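Heads up, the thing below is written out as structure tokens.
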Amino acid sequence: MTDNSQRSPHGGPNSTPELPTAYVPAEVEGKLYERWVERGYFEADAKSDKPPYTIVIPPPNVTGSLHLGHAFEHTIIDSLTRRKRMQGYETLWQPGMDHAGIATQNVVERELAKEGKSRHDLGREAFVEKVWQWKEESGGQISGQMRRLGDGVDWSRERFTMDEGLSQSVQTIFKKLYDDELIYRAERIINWCPRCLTAISDIEVEYQDDDGELVSIRYGEGDNAIVVATTRAETMLGDTAVAVHPDDERYAHLVGTEIELPLTGRRIPIVADEHVDPEFGTGAVKVTPAHDPNDFEIGRRHDLPNLSVMNERAIITVPGPFEGLDRLEARSAIVAALRAEGRIVAEKRPYSHSVGHCSRCKTTIEPRLSLQWWVKVGPLAQAAGDAVRDGRVKIHPKEMESRYFSWVDNLHDWCISRQLWWGHRIPVWYGPAGEVVCVGPDELPPTGEGWTQDTDVLDTWFSSGLWPFSTLGWPEQTESLEKFYPNSVLVTGYDILFFWVARMMMFGLYAMDGTPPFHTIALHGMVRDQFGKKMSKSFGNAVNPLEWMDKYGSDAVRFTLARGANPGVDVPIGEDWVQASGKFTNKIWNATRFALMNGATVEGELPPVEEMSATDRWVLSRLNAVVAEVDALYEDYQFSKLSEALYHFAWDEVFDWYVELSKTTFFAGGRGAEVSGRVLGEVLDVLLRLLHPVVPFVTETLWTTLTGAESVVVADWPKDSGFRDAAAEKEIAGVQQVVTEVRRFRADQGLQPGQKVPAQLTLPGALAAHEAPIRQLLRLQPAGAGFSATATLPVAGGTVAMDLSGTIDVEAERKRLTKDIGLAEKEKAQALGKLGNEAFLAKAPEHVVDKLRTRLATAEADIARITAQLDGLPQG
RNA sequence: GGGCGUGUAGCUCAGUGGUAGAGCAGCGCCUUUACACGGCGCUGGUCGGCGGUUCGAACCCGUCCACGCCCACCA
């Protein structure tokens, strides 16, 4: 019993509880969720002997609140886990959040900036303290949103990527990797963000085509002059060579000589390197090893010095006229200076080229030589690729595999150190001379004389890469780890396939002795607005899911998202659609109300088939077919299709047809009503359980009311009983046809839907049994004495003769029938054309030919019927 | 530059060889005792263009056009 339902005043053992006439989500959702949590439904027991089913939450960043994309992802995960729980699995949906290093630090820095402060004003310790405070607030907001959504997570296991246990995981794997020489420290060109003041990894750089200006500069003099082109003129201060292609005859005589670098007075060599494309520009390239990754490689090959000319804020540090200018100021100043010297040989020309930007703050990346920690990804990526290649891990949808392979198979070493304050401090201590003296957790706390810990933190993805097992207690060999690793499925967006999924694969396989972190990777798309546009705050089309949940209910939001979820494909969502889903939940509510008020029950065994009407058998046959269909779709993560199937079965077949066709039976009472009441109870029982994973709240309220059981959360998942009744399905299809046809006739005649019309029905064989419901649906009254038909409508082997008492619109009807006969004739001609084609008859499969013959027969019958109908019309 | 994908009703999308579908929107009728968050009926498509394979193509092949996404060390 739920709080908002009461016993009928009429009482009795089969009394019908009364529910309000509309589903008001706000009144039930919150209470239900807390009850589920209190009863421990979502807690996963590592000691259970049920088979495990595990999904870890893609940990949301603690930077703010959840958006529709999270709601989407959570709907999928919650539905999957709710179904498995009902199927009897020991189900763990692992909750938690990500500290999201750079993103969170930036957010808190922005907050500080509002007060006119920087993190340096606070100092490291106080700043980190401030971020923790932020985390507490934001995290509370996120878990509140998850409760509203109905996420069935095990709150007792909630984790944070920077909690104590997870820090232990991070340090442990760092040391293991270091000991295996898979982590090393090296000076390389890295992607440097001059605003965030940290190195970032390759995938944190977003490339976009920017308009730049290509200037051509003459280096050297006279016969030795050589022209190079650049869009970053300021880097010339750091040039330590000019490179040409080894086979380029134009410059062969210059290779090995030196020329003067303008503005600096330095002399630099001309080297020959395969990297240079002789077809591009002049075929000569300035080489700045300290500020360009390609040039760095060239420099290495030719033993060139690396000359840094900018500091970490991209300010020129070379003594002289340009010192203190930032890179853009320096660019124009240097071009101007070169022009003054007559060194600009071709004027600046607009040039669109790909430029890297910091994915967090959009600042242009400055490639920079820097000492950082790296993960050697070769062996790890190899294993991560193999696990998918040999089928131990499946990527769904399969098309995404090629993307995965192209990445793991072409991966460069991963720069993991960040010059930030918020994150896992790198567990490395240096001696007085800067040498590494201690790594990892084992020797903690390090006590050596003059030892200092590395001040950098780790890339946030380093810790989230451990998520599938760190949350279960690793490196401790816990019962939970034993039970719930590997995870069953990973559900996440294709946008973090590389950031997160590939890293979990690498770390999982590495840390867990070759056991991949999950068997299946189910990738979903991105939520977009109703026009397919990306949702973003700046564009103004981002929606707070709470707003819609308040308005239409969590179930409505969930159903809309599920209905849009085609694997790997972006899902558009608009308010209209949420509204439509809200109507659906209301429809379920009211249909169940009707059923409860008319004797639907789940008490006792289902009546024997012989006692059931064809309508009963039809609906049960369809019900079981839908159970099987939905089950298969769940296994394939086809949320859109399974939601659609449930929507149509529930609304069209059960609520519109079964309920309407059964009304006469219910109202008549007696054994027939009893049988149908039990059947309707069965249908709703199964249907509500089938719907529950997607729309948990409304189904919980209705199902517990219907069954009196404790909760649908822990009910059994429906099984296909195997019951099918093709004859009943055919029979009801006939009934539907008759009803539809007469309805169309009535509508065309402009008869009021409620207007009763005296009629005589002559229905063929099986359909005759359905005369009562047909009359009921069509508002046809028994024809009394003196009945005279003014309109006769031939239907499916019989006739419906009606006394329209002069209301018939003969012209309208004549027009409609003429149109229909035209269509039927066209149909007939088409079928005849095909059947007269010998090539077709020779090659087409039998069922196609049969179908065509049926079509022909139907068309001919239609023509005859409609002709008779036309003839039967009163003369206008 | 490479890879993947998309183009079907006004909008968002299903539909992988056999008579074009759904939801929403639109039009019309209706307070018929579960629901007006409802019921019923209707309108609407040269399935991006062209060519090919086939008895038959939205679906397979080729080509062109238009979008989208991912990857890449194009000075």
Side-chain angles (χ1 to χ4, degrees), chain A residues 19 21-23 189 202-203 207 214 228-232 235 243 275-277 280-288 292-297 351 353-354 367 399-400 402-403 406-407 410 412 494-495 497-498 526 528-532 552 556 560 563-564 566 568-574 576-577 579-598 640-641 644 647-648 655-656 659-660 663 667 739-740 743-748 750-756 776-777 779 827 830-831 834 837-845 847-849 851-852 855 859:
Chain A
L19 299 165
T21 58
Y23 175 54
I189 294 279
D202 293 346
I203 45 172
Y207 286 89
L214 193 65
V228 298
T230 182
T231 54
R232 294 161 68 213
T235 62
H275 169 77
V276 180
D277 175 4
F280 188 94
T282 59
V285 184
K286 61 191 275 301
V287 181
T288 322
D292 183 281
N294 291 319
D295 294 3
F296 180 74
E297 292 304 318
Y351 184 70
H353 61 141
S354 183
E399 300 89 81
M400 290 288 176
S402 60
R403 219 181 255 205
S406 73
W407 199 70
N410 298 293
H412 293 185
Y494 63 71
D495 59 328
L497 185 60
F498 306 145
M526 304 294 112
R528 291 167 176 273
D529 74 8
Q530 67 226 347
F531 306 111
Y552 306 105
T560 310
R563 198 174 183 177
N566 287 301
V569 178
D570 290 350
V571 43
I573 181 167
D576 283 357
W577 309 344
Q579 192 176 22
S581 301
K583 290 180 181 178
F584 180 50
T585 56
N586 185 64
K587 186 72 182 180
I588 301 168
W589 179 268
N590 272 297
T592 309
R593 268 183 71 222
F594 169 84
L596 292 169
M597 288 188 295
N598 286 281
S640 179
K641 291 192 177 100
E644 200 83 15
Y647 181 93
H648 282 118
F655 304 155
D656 281 350
V659 166
E660 294 303 328
K663 273 182 178 172
F667 298 158
V739 171
T740 303
R743 271 177 180 162
R744 191 155 75 104
F745 175 79
R746 287 189 58 126
D748 286 346
L751 288 171
Q752 311 280 297
Q755 188 177 336
K756 303 258 198 311
Q776 163 74 20
L777 282 177
R779 312 288 148 186
E827 185 78 359
Q830 260 179 19
K834 279 219 168 182
N837 181 336
E838 282 179 30
F840 169 78
L841 288 175
K843 293 197 176 175
H847 72 274
V848 173
V849 179
K851 220 169 159 182
L852 209 57
R855 261 173 71 191

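Here is the naming used below: chain letters follow the sequence lines, and residue numbers restart at 1 for every chain. Every value quoted in this text rests on a predicted model; they were computed, and no experiment measured them.
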Which whole number of Å gives the distance between the [atom1] atom of [N] and that of [M]?
N     : M     : atom1 : result
B:G17 : B:C71 : C1'   : 35 Å
B:G1  : B:G15 : C1'   : 35 Å
B:C4  : B:A9  : P     : 27 Å
B:A58 : B:U16 : C1'   : 9 Å
B:G44 : B:C70 : P     : 41 Å
B:C40 : B:U32 : P     : 15 Å
B:G48 : B:G39 : P     : 33 Å
B:A22 : B:U54 : C1'   : 30 Å

Worksheet item: Does any donor atom in the side chain of A:Tyr494 or A:Asp570 lie under 3.5 Å from an acceptor atom in the other side chain?
Response: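 The answer is yes; a qualifying pair exists.
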Pairs under 3.5 Å (N/O, protein and nucleotides 26-29 of chain B):
none

Among [options], the one nearest [X] by side-chain distance:
X        : options             : answer
A:Val848 : B:A34, B:G18, B:U12 : B:G18
A:Glu827 : B:U19, B:C35, B:A75 : B:U19
A:Arg403 : B:C35, B:C37, B:C69 : B:C69
A:Thr231 : B:A75, B:C24, B:C37 : B:A75
A:Asn586 : B:C37, B:G23, B:G18 : B:C37
A:Arg744 : B:A75, B:A22, B:C42 : B:C42
A:Asp656 : B:C40, B:C69, B:C24 : B:C40
A:Phe498 : B:C71, B:G23, B:G41 : B:C71
A:Asp748 : B:C74, B:G39, B:G41 : B:G41
A:Lys641 : B:A34, B:G15, B:C55 : B:G15

Does [X] reach a base, just sugar-phosphate, or nothing at all? Heavy atoms under 4.0 Å.
X        : result
A:Arg563 : sugar-phosphate
A:Glu660 : base
A:Arg779 : base
A:His648 : sugar-phosphate
A:Pro293 : nothing
A:Val228 : nothing
A:Asp277 : base
A:Lys756 : nothing
A:Arg855 : base
A:Asp570 : nothing
A:Pro367 : nothing
A:Gln579 : nothing
A:Gly281 : nothing
A:Thr592 : nothing

Quick check against the 3.5 Å criterion: does [X] have a side-chain atom that pairs as donor or acceptor with the backbone of [Y]?
X        : Y        : result
A:Asp529 : A:Gly574 : no
A:Asn598 : A:Phe594 : yes
A:Asn837 : A:Phe840 : yes
A:Ser640 : A:Arg563 : yes
A:Arg746 : A:Gln752 : yes

Could you tell me which nucleotide pairs with [N] by Watson-Crick or G-U wobble geometry, both distances under 3.5 Å, or answer none if nothing does?
N     : value
B:G26 : B:C42
B:A9  : none
B:C50 : B:G62
B:C55 : B:G18
B:U33 : none
B:G1  : B:C71

Practice prompt. Report the distance from atom NZ of A:Lys663 to atom CD of A:Gln776, rounding to the nearest 0.5 Å.
Written response: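 Nearest 0.5 Å value for the NZ-CD distance: 7.5 Å.
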Worksheet entry | Geometric cation-pi criterion, A:Lys587 with A:Tyr647: 6.0 Å, 45° |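 Verdict for A:Tyr647: no cation-pi partner in A:Lys587.
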Discussion item. Could you go through A:Leu596 and A:Arg593, starting from their C-alpha distance and side-chain angles, then the distance that decides it, and tell me whether this counts as side-chain contact (heavy atoms from CB on, under 4.5 Å)?
Written reply: CA-CA 5 Å; A:Leu596 292 169; A:Arg593 268 183 71 222; 5.9 Å; no
Item to complete: Can you label the angle between the A:Phe498 ring and the A:Trp407 ring as parallel, tilted or perpendicular, going by 30° and 60°?
Response: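 It falls in the parallel class, under 30°.
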Worksheet item: Hey, which of these two, A:Phe594 or A:Leu841, hits RNA chain B nearer its 5' end, going by closest nucleotide?
Response: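 In this pair, the answer is A:Phe594.
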Item to complete: For A:Val569 and for A:Ser406, locate the closest nucleotide of RNA chain B by heavy-atom distance; then report the residue assigned to the nucleotide nearer the 5' terminus.
Response: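 It is A:Val569, whose closest nucleotide lies nearer the 5' terminus.
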Item to complete: Please state how far atom CG in A:Asp529 lies from atom P in B:U12, giving the value in whole angstrom units.
Response: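 Result: 9 Å.
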Practice prompt. Using only side-chain N and O atoms of A:Lys843, determine if any of them is under 4.0 Å from OP1 or OP2 of B:G18.
Written response: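 So the side-chain polar atoms of A:Lys843 never come under 4.0 Å of the phosphate oxygens OP1 or OP2 of B:G18.
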Worksheet item: Closest heavy-atom contact between A:Glu660 and A:Leu777?
Response: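 Residues A:Glu660 and A:Leu777, closest heavy atoms: CB-CD2, 3.5 Å.
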Worksheet entry | Under 3.5 Å donor-acceptor pair, A:Lys587 side-chain atoms to B:C37 base atoms |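 Side chain to base: no pair below 3.5 Å.
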